[in-house]
Amino acid sequence: MNRVLTMFQRWPFAFAFLLALMLLVLNLIVSPSFLSPARLPGTLATLAPFVLVGFASTPSILAGGIDISVGPLATFINCLFVAILIPAGLGDWHLAAPIILAVAAGIGALNGILVAVVRLHPVVATTGMLFLLVGLSLTIAQNPVAAPDNWTEVFAGGIGIVPGALITIGVAGLTWFALRRTAFVSNLLATGESDVSAYGSGVNIKAIRILAYTLGGLFAGIAGIALTALVQSSQSSLASTYALLGLAAAVLGGTSLAGGRGGLLGALFGAVSIYLLQQLLTASGVAPSLIQFAYGAVLVVGVVLGATLLAPRLKRNPS
Amino acid sequence: MNNQPSGLVLAGVSKRFGATRALIDGDLHLRPGEIHTLLGENGSGKSTLVKIMGGVHRPDSGTVTLDGVPVTSRSPRAAMDLGIATVFQEVLTAGSQSVLENVWLGSHGTFRRRLGRAAQRSIAQDVLTRIAGAIPLDLPAGQLSLSERQALCIARALVRKPKVLILDESTASLDVSSRDRLFVEMRRLAAEGTAILFISHRMDEVSEISDRVTVLRSGRSVSTMERSDLSINRLIADMTGSSGHAETRRQPHDAGDTILQGAAVRLAPASTPIDFELRAGEIVGLAGLEGHGQDQFIKRLAGVAGGPGSVVRLLPEGAAELTERNGDALGVAYLPRERRGESLFESMSIRENFALPTLGKDRRGGLLDTRSMARRFDAFARSLSLRFGAAHDAISTLSGGNQQKVLLARWLATDPKVLLLNDPTRGVDIGTKREIYAILHLLSAEGMSVVILSSEVDELVDLADRVLIFRDQSVFAQIPHFELSTESIVAAYFGQKSEVHT
C-alpha cells in the first residue's frame with residue numbers, strides 16, 4: 001500500500017493514467033472494435049483538441065496562475081482560419097500556419113503581460129480574454145461556415161499509416177520535451193511553487209510567467225488547427241465546450257492548481273480519460289444529459305484523490 | 001588605498017517606505033577578503049541595506065559602487081550578474097523541486113542551463129557537504145529539516161562563486177555543527193578574496209567570526225570597529241544608544257511545588273523515556289542540536305503533540321492529562337516557534353491578534369465589548385512596553401520583536417501558570433530580547449513556571465534555572481544553575497558531559 005502511495009506521489013499523473021487504462025478496457029468490452037485500424041484515425045482526431053486544450057492549460061497552472069481563455073482561443077483560431085484567412089487567400093499552410101501560431105502565441109503573451117506586468121489576477125485577466133475571444137469569434141463567424149478543401153484535413157485523417165492527430169499532439173509534446181531539456185521548465189516549476197524563492201534566487205519570474213502564457217497560447221493555436229481538421233467548418237459555438245475541458249484535463253492529470261507540480265503527461269492522460277468516459281457513456285446508451293454529470297463526478301473524485309490522499313507528504317519518512 | 005576603493009561601498013544611502021524612513025544615512029565599506037558584520041536592532045535598517053545590495057530595493061539617494069563602478073541593480077538577478085550573491089533572511093526553497101534543482105535555482109538563464117548535469121551534481125554535492133553534511137540531491141527540498149534548507153540556500157549562493165557574499169541571519173536556522181562548518185567556509189572564501197557581509201543576532205557568533213563590525217541604529221551607520229577593538233558591551237551600547245550592560249544573569253532561588261509532570265515520555269520508538277517535573281516559579285531551558293527532540297518535547301508538554309508516556313498538570317484537586325484542547329483551562333500556554341505560520345494572523349490588527357483566544361473576557365450580553373478589549377490590550381501594551389503606531393494597525397506593521405511581544409501578551413492574557421515558549425527570541429533584536437528576559441524574570445518571581453526552548457546558548461545561561469540538553473530524542477544531560485555556562489551547554493550538545501565547575 002505504501003509503495004502504491006509513493007508511486008502516486010512521485011508521478012502526479014499516475015491516477016489519470018490508471019483511470020485512462022481502465023476506461024480503455026471498459027470501452028473495448030462495450031465496443032470490441034474500438035481500437036480497430038479503420039476507426040483509429042477518427043478516434044484520435046476527436047481526441048486531439050481535448051488533449052491540446054489540456055496541454056494549453058498546463059503551463060500557466062504550473063507557473064502558479066491559470067488561463068481560462070485557452071478553449072475559446074482554440075475556437076477563435078478555428079474561426080479566424082475558416083472565416084478570414086481562407087477567404088482572404090491566406091489559406092495555404094505555409095501562410096496560414098505561421099499566422100495562426102503567431103496570433104495564438106501573441107494572445108497568450110498578452111495574457112501573460114496582463115498577469116505578470118499589469119499584475120491582474122489571472123482569473124480576472126483571462127476571463128476578460130475569454131469574453132473578448134468569444135465575442136470576436138461570433139463577430140467574424142456568427143454562423144458555421146463550411147471550409148473548402150484545405151491542408152488541415154490531413155490531421156483528421158492520416159499520412160500513410162500515421163494518424164494525423166499524432167502529428168498535432170506530437171508537435172506540442174515535442175516542443176515541451178525540448179523545453180524540458182532547457183532550464184525553462186525548472187524555472188517555470190520553481191516560479192509556480194514559490195515565486196519569492198525564485199525571484200530571490202535570481203529567476204526572471206516576469207519573463208517566465210509571460211512565456212508560460214505564451215506557450216499556452218501556442219498550444220491553443222495547435223488545438224485550433226486540430227479542431228478545424230475535425231469539424232472542417234467555423235464553430236464559434238464550441239468555445240464554451242472547450243473553455244473548461246482543458247482545465248479539467250490538466251487538474252485530473254495531477255497538475256496542482258497551487259503551481260509547481262505536474263506536466264503535460266498529466267494533461268494527456270486527463271484528456272484521454274475524459275474522452276474515453278464520454279465514449280463509454282455514449283456507447284452504453286447513457287442519456288447525453290447525464291454525460292456532463294459523469295464528467296463532473298469523475299473530476300471531483302479525481303481531484304479529491306489527487307489533492308488529499310495522494311498529495312506528497314512533505315516530511316521525510318522516519319526510517 | 002588608491003582613489004578607487006575596491007569592494008562594495010555604500011555612501012549616504014537612504015530609503016523610505018511610505019511614511020517610514022527605513023534607512024537615513026547608510027554607510028558601509030565591504031572590502032575584498034574581509035568578513036564584515038552588520039549589527040543592529042530590528043528596525044535599524046539592516047534588512048533594507050541588505051535588500052539594496054541584493055537588488056531588491058533601489059535607494060532613494062546615495063551611491064552604491066562595486067570596485068569603483070556604480071551599481072544600479074533592478075533585481076536580485078542583476079545584482080547576481082555583478083557578482084553579489086545574497087542569502088536572504090527567509091529560507092527560500094521550492095519544496096517539491098529536488099535539492100539539486102534548488103541549489104542551481106536562478107543560476108541558469110531563462111532557457112540556457114549553466115553547466116552539464118554531471119558537473120551540477122558534483123559541485124552541488126561538494127558545496128552542500130562542506131556546510132551541511134551529505135544531503136541526497138534528488139530528495140524534494142520540502143523534506144529537508146529547516147537547518148538543511150537553510151544550508152541549501154547558502155549553497156545556492158556559494159555555487160555562483162560570488163565576489164560579494166551577503167548572509168542575512170543565515171545562521172539563525174542552522175544547527176551548531178553546520179554553523180561551524182559555514183564559518184570554516186567563510187574564512188576560506190575570505191582568504192580567497194571574497195567580501196562577506198554577515199548578519200546575526202548572536203553575539204557569540206559576531207565576536208567569533210568578524211574582521212570588522214558596523215553598527216546601524218535607527219537607519220544610520222553609527223560606528224565601524226576593527227576586530228582588535230571589539231567589545232560586546234560597546235557594540236550593545238552603540239546599538240541601543242545607551243551605555244552600560246546590566247548583569248542579567250539569573251540568581252539562584254527556591255522553587256515551589258511541582259505543577260507539571262511528564263512521566264515516561266518517549267519521543268521516538270527506541271529512545272530513552274523522559275521523566276520531567278516542572279515546579280512553580282522555575283525557568284527551565286530546553287536545548288540541543290536541531291532535530292534532537294527538544295522541539296517535540298515542548299510540544300508534548302503543551303499537549304499539541306501526542307505519543308507514549310503522559311504529561312499531567314498537577315492541580316490542588318488532582319492530576320489532569322493535557323490534551324490539545326484543554327491547555328487554556330489548565331493554565332498552560334504555548335507559544336509556537338513559527339510566528340508567521342503558527343501564530344500570527346497577518347492581515348488582522350495588533351489588538352485582534354492579542355485578543356483572539358481570550359475574546360470571552362470581552363463579552364457583554366453576548367456581544368463583543370471593544371472598549372473592554374482595548375482596556376485589556378492597553379494594560380499589556382504598557383507592561384510589556386510594546387512599541388506600535390495604533391492598536392488597529394495590521395500586526396505586520398510591527399517589527400519581529402514587537403510581534404513576539406504581542407503574542408506573548410496574547411498568552412499571558414489567559415492567566416497561565418505554565419508558560420511554554422518555543423524559541424521565542426529567534427529573529428528578535430537584542431534590545432527586545434532583554435525586555436522579554438526581564439518580563440520572564442518578573443513572571444517567574446510571581447510564581448509562574450516557564451519552559452523555554454532556545455537555540456541561543458547565551459540566552460539559556462542568562463535565563464534558566466536549569467537546562468535540559470537533548471540528544472537523539474532523549475535528555476542527554478540536565479545542567480543545574482551553578483554549572484550553566486556556554487561551554488557546558490555546547491559540550492553537552494556534542495555528547496560530552498562537562499566536568500567544568502565554576
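Letters A, B, ... are given to chains in the order of the sequence lines, protein chains preceding strands, and every chain is numbered from 1. All values below come from the heavy atoms of this structure, side chains included, with hydrogens, waters and symmetry mates left out. Since the model is a prediction, treat every value here as computed from it, not as a measurement.
Distance alone, capped at 3.5 Å, places no donor-acceptor pair between the A:Ser201 side chain and the B:Gly106 backbone.
Atoms CG and OG1, on A:Leu188 and B:Thr110 in that order, are 11.5 Å from each other to the nearest 0.5 Å. Going from atom NZ of A:Lys206 over to atom CZ of B:Arg77 covers 15.0 Å, rounded to the nearest 0.5 Å. We find the CD-OG distance between A:Glu193 and B:Ser96 to be 3.0 Å, quoted to the nearest 0.5 Å.
Taking the side chain to side chain donor-acceptor pair (under 3.5 Å) definition, one finds that B:Ser200 meets it with B:Glu205, sequence neighbours left out. For B:Arg266, there are no salt bridge (Lys or Arg N to Asp or Glu O under 4.0 Å) partners, not counting sequence neighbours.
With a 4.5 angstrom heavy-atom cutoff, B:Phe88 touches chain A only via side-chain atoms. Of the atoms belonging to B:Arg112, it is backbone heavy atoms, and not side-chain ones, that fall under 4.5 Å from chain A. Of the atoms belonging to B:Arg160, it is side-chain heavy atoms, and not backbone ones, that fall under 4.5 Å from chain A. If you measure heavy-atom distances from B:Ser75 to chain A, the contacts under 4.5 Å come from both the backbone and the side chain.
Proximity to chain B at a heavy-atom threshold of 4.5 Å picks out A:Leu179, A:Arg180, A:Arg181, A:Thr182, A:Ala183, A:Phe184, A:Ser186, A:Asn187 from residues 171-187 of chain A, in numerical order. Residue-level contacts of residues 208-216 of chain A with chain B, in order of numbering, are A:Ile208, A:Leu211; threshold 4.5 Å between heavy atoms.
Listed options A:Ala207, A:Ser194, A:Gly200 were ranked by heavy-atom pairs under 4.5 angstrom with chain B; first place goes to A:Gly200.
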